[in-house]
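Whatever order the structure lists them in is the order used to number ligands and atoms, beginning at 1.
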Amino acid sequence: MKNKTPIYFLIAALSALLLGVFFGLFASLQYIIPDFLKEYIPFHKMRPFHVTTVISWIILCATGSVYFFITEVEGFPLFSKKLAKTHFGIFMLTGIGIYISFLSGKMEGREYLAYTPILTIPILTGWLLFGINYFKTIRKNVHNWPVYYWMWGTGIICMIYHLSEAHFWLIPSFREHFIRDISVQWKSYGSFVGSWNMLVYGTAIFLMSKVKKDVLVARGKTVFFFYFLGLTNLMFGWAHHTYIIPTQPWIRYVAYGISMTEWIVLAHIIYSWITSLSAEDKKKYCMVYLFLKAADFWVFINIIVALLFSIPAINFFTHGTHITVAHSMGTTIGINTTILLASLFFIVQRVLPKAKISSVFLKRSYLVFNASLFLFFCALMYAGVKKSNWMYFTKELLFSEMQDNLYTTYIAFFIFGIGLVITIIIFAVTLIKALLKALKS
Ligand code: HEM
């Protein structure tokens, strides 16, 4: 291989996935045994360790995939290999910095970005280098961009802006005004997720177009409508996160309508692709096909859940319960992770065309993965309903009594979590081994 940096990104992403699911497993064990590892990493630290590591999995894998696709699949010479290497180095060092910041208790950042805020500077620098490399490479080589180039480019630019915006609270004029502070905070989180979704959904469309060997999958009215919908959602989708803030109701309804439509269109694009794919391509790219099919299923499940809990009267009861966690993990595992695993299986097939990567064992693991995720998701929903019932309808029960009542549900959550972790280990180890082999070839 001429350029190994994309593979470094992908191996780092899979390592983050492995580490991240263990943090998640330990956090879920702390639901059952609150004293587990409490002295070293209590729940309030375990949670950011888990969330930051799995978000890094999504971002590193999407980034590595984009670098790989433009250089190895499209064959464009990268504007600067040095910049890409520096980007990788900066992200790795910052990752170490984030762990040190958590371990030493320097967690002055806000939720989801809890590390010490100074570390955002190298992260932004990394994104800037990625942006320069991406646009300089693409502009020189492509005219009449298919939709995925727009999506990746938009994702990079918006990530730089919204990651900065998530730190506006450091400016006193934002921090000192409560409503402004919380509005900007949640707006930036919604847009931050929207930015990585642009990278991930762009990857899904790229894969569909390459597997089918049909560039029309990435052109035409439907996919560009999807792109503009995604962009609008990225800008306004935050509003359905802010039911507690006194904003104009129409803003929330519009935002909510857009995010639901975006998912429906995505489900439609993937479904049309699935039904139009030849049996030969399904067989050739078996794991890619299966994981994109799983993403389609999880888009559908999440639409149902989001439709329900975005209704203000229902949202009032679900806010702050495990139903929100079910939604976040349902989307980041069910949609983002499945698309990224599809991407990795595609990449491995490109770098090692002779490798056997659609064995019966992997297909069975895929089934266990989906079944575990479904049950894991149901356990979280059930815990959420119980907690909501306790918060609003059961006056006399203490918090500790409610937690005791949920004990069996937490055990079920943990057991289904183990199923998820084992299957993720199987996929990640298979993929890491193949990527390491590709590095040597
Ligand atoms: C690819 C795999 C995973 C991803 C992408 C992921 C993602 C996330 C995200 C985004 C959150 C934040 C939820 C929120 O604030 O609403 C979260 C929380 C959490 N996750 Fe995961 N997760 C993964 C795997 C797991 C596994 C395998 C387990 C357990 C076996 C687990 C257990 C937890 C727990 C206990 C929390 C904290 C919930 C709370 O605040 O009470 N996760 N995860």
Side-chain angles (χ1 to χ4, degrees), residues 13-34 36-37 41-62 110-114 185-186 189-190 192-193 196-197 200 240-241 291 294-295 298 302 305-306 309 315 318-342 344 368-377 379-384 386-387 399 402-403 406 409-428 431:
L14 285 162
S15 313
L17 175 64
L18 286 174
L19 202 59
V21 291
F22 274 103
F23 286 134
L25 197 63
F26 293 156
S28 64
L29 198 53
Q30 286 175 334
Y31 281 170
I32 310 168
I33 314 166
F36 175 71
L37 289 179
I41 315 183
F43 184 80
H44 75 272
K45 279 193 183 179
M46 193 67 87
R47 190 189 133 90
F49 262 114
H50 168 59
V51 178
T52 309
T53 313
V54 287
I55 292 179
S56 307
W57 137 250
I58 294 173
I59 288 182
L60 289 171
C61 190
R110 293 264 174 99
E111 203 187 347
Y112 300 112
L113 303 167
Q185 191 68 36
W186 279 100
Y189 286 159
F192 176 65
V193 175
W196 89 51
N197 277 339
V200 176
H240 69 257
H241 288 282
F291 274 111
W298 283 101
N302 280 291
V305 175
F309 84 58
N315 186 275
T318 62
H319 195 83
T321 71
H322 287 98
I323 296 177
T324 316
V325 181
H327 169 63
S328 334
M329 280 208 263
T331 48
T332 49
I333 307 177
I335 307 173
N336 291 158
T337 299
T338 49
I339 292 176
L340 293 170
L341 286 173
L344 282 158
V368 179
F369 168 84
N370 280 299
S372 308
L373 180 55
F374 187 75
L375 296 168
F376 181 82
F377 182 80
L380 278 172
M381 293 293 285
Y382 182 74
K386 282 286 214 191
K387 188 169 176 195
F399 177 75
M402 183 272 299
Q403 286 289 77
L406 278 177
T409 314
Y410 288 151
I411 291 185
F413 172 64
F414 176 68
I415 292 172
F416 302 138
I418 293 181
L420 213 48
V421 171
I422 292 174
T423 48
I424 287 178
I425 293 175
I426 293 169
F427 300 135
L431 291 162

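Not one N/O/S atom of T332, from backbone or side chain, sits under 2.8 Å from atom 21 (Fe) of ligand 1.
Residues Q30 and F36 approach most closely at NE2-O, 2.8 Å, considering heavy atoms.
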List the steps and the verdict of side chain to side chain contact (heavy atoms under 4.5 Å, CB included) for Y189 and L113. CA-CA 10 Å; Y189 286 159; L113 303 167; 3.9 Å; yes

| task | Begin from the C-alpha positions of W57 and L14 and carry the test side chain to side chain contact (heavy atoms under 4.5 Å, CB included) through to its verdict. | result | CA-CA 7 Å; W57 137 250; L14 285 162; 4.1 Å; yes

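The line from CG of N302 to CZ of F377 is 5.0 Å long, rounded to the nearest 0.5 Å. The OG1 atom of T321 sits 13.5 Å away from atom NZ of K386, with the distance rounded to the nearest 0.5 Å. We find the CZ-CD1 distance between F49 and I41 to be 5.0 Å, quoted to the nearest 0.5 Å.
No part of Y410 comes within 4.0 Å of ligand 1, judged by heavy-atom distances. Within the 4.0 Å heavy-atom criterion, the part of V54 lying near ligand 1 is the side chain and not the backbone. Here L17 has side-chain heavy atoms under 4.0 Å from ligand 1, and that is the only part of it that gets that close. Residue H50 touches ligand 1 through its side chain alone, judged by heavy-atom distances below 4.0 Å.
Ring geometry for F374 versus W298: interplanar angle of 30 to 60°, hence tilted. In this structure, W196 and F192 have perpendicular ring planes: the angle between them is above 60°, well past the 30° mark. Aromatic ring orientation, Y410 versus Y31: tilted (interplanar angle from 30° to 60°).
Enclosure of atom CZ in F22 is not indicated, since only 12 or fewer non-hydrogen atoms of other residues, nucleotides or ligands lie within 6.0 angstrom. More than 12 heavy atoms of other residues, nucleotides or ligands shown are found within 6.0 angstrom of CZ on F43.
When hydrogens are left out, the protein atom nearest atom 40 (O) of ligand 1 is R47 NH1, 2.4 Å; that is the closest non-hydrogen contact. Here the protein heavy atom with the shortest distance to atom 32 (C) of ligand 1 is G24 O, 3.4 Å. Nearest non-hydrogen protein atom to atom 16 (O) of ligand 1 is S328 OG, 2.7 Å. In terms of protein heavy atoms, atom 9 (C) of ligand 1 is closest to M329 CG, 3.9 Å.
Close contacts of ligand 1 with V421, meaning ligand atoms under 4.0 Å from a residue heavy atom, involve 27 (C). In summary, the atoms of ligand 1 found under 4.0 Å from a heavy atom of T337, numbered by their order in the structure, are 1 (C). Counting the atoms of ligand 1 from 1 in the order shown, those under 4.0 Å from a heavy atom of G417 are 30 (C). Ligand-side atoms of ligand 1 in range of Y112: 14 (C), 15 (O), 16 (O), range being under 4.0 angstrom from any heavy atom. The A27 neighbourhood of ligand 1 comprises atoms 35 (C), with distances under 4.0 Å to a heavy atom of that residue.
Not a single heavy atom of F414 sits closer than 4.0 Å to an atom of ligand 1. A heavy-atom separation below 4.0 Å is found between F376 and ligand 1. Contact annotation: Y31 has at least one heavy atom less than 4.0 Å from an atom of ligand 1.
Residue I333 holds the heavy atom nearest to atom 3 (C) of ligand 1 of all those in V51, T331, I333.
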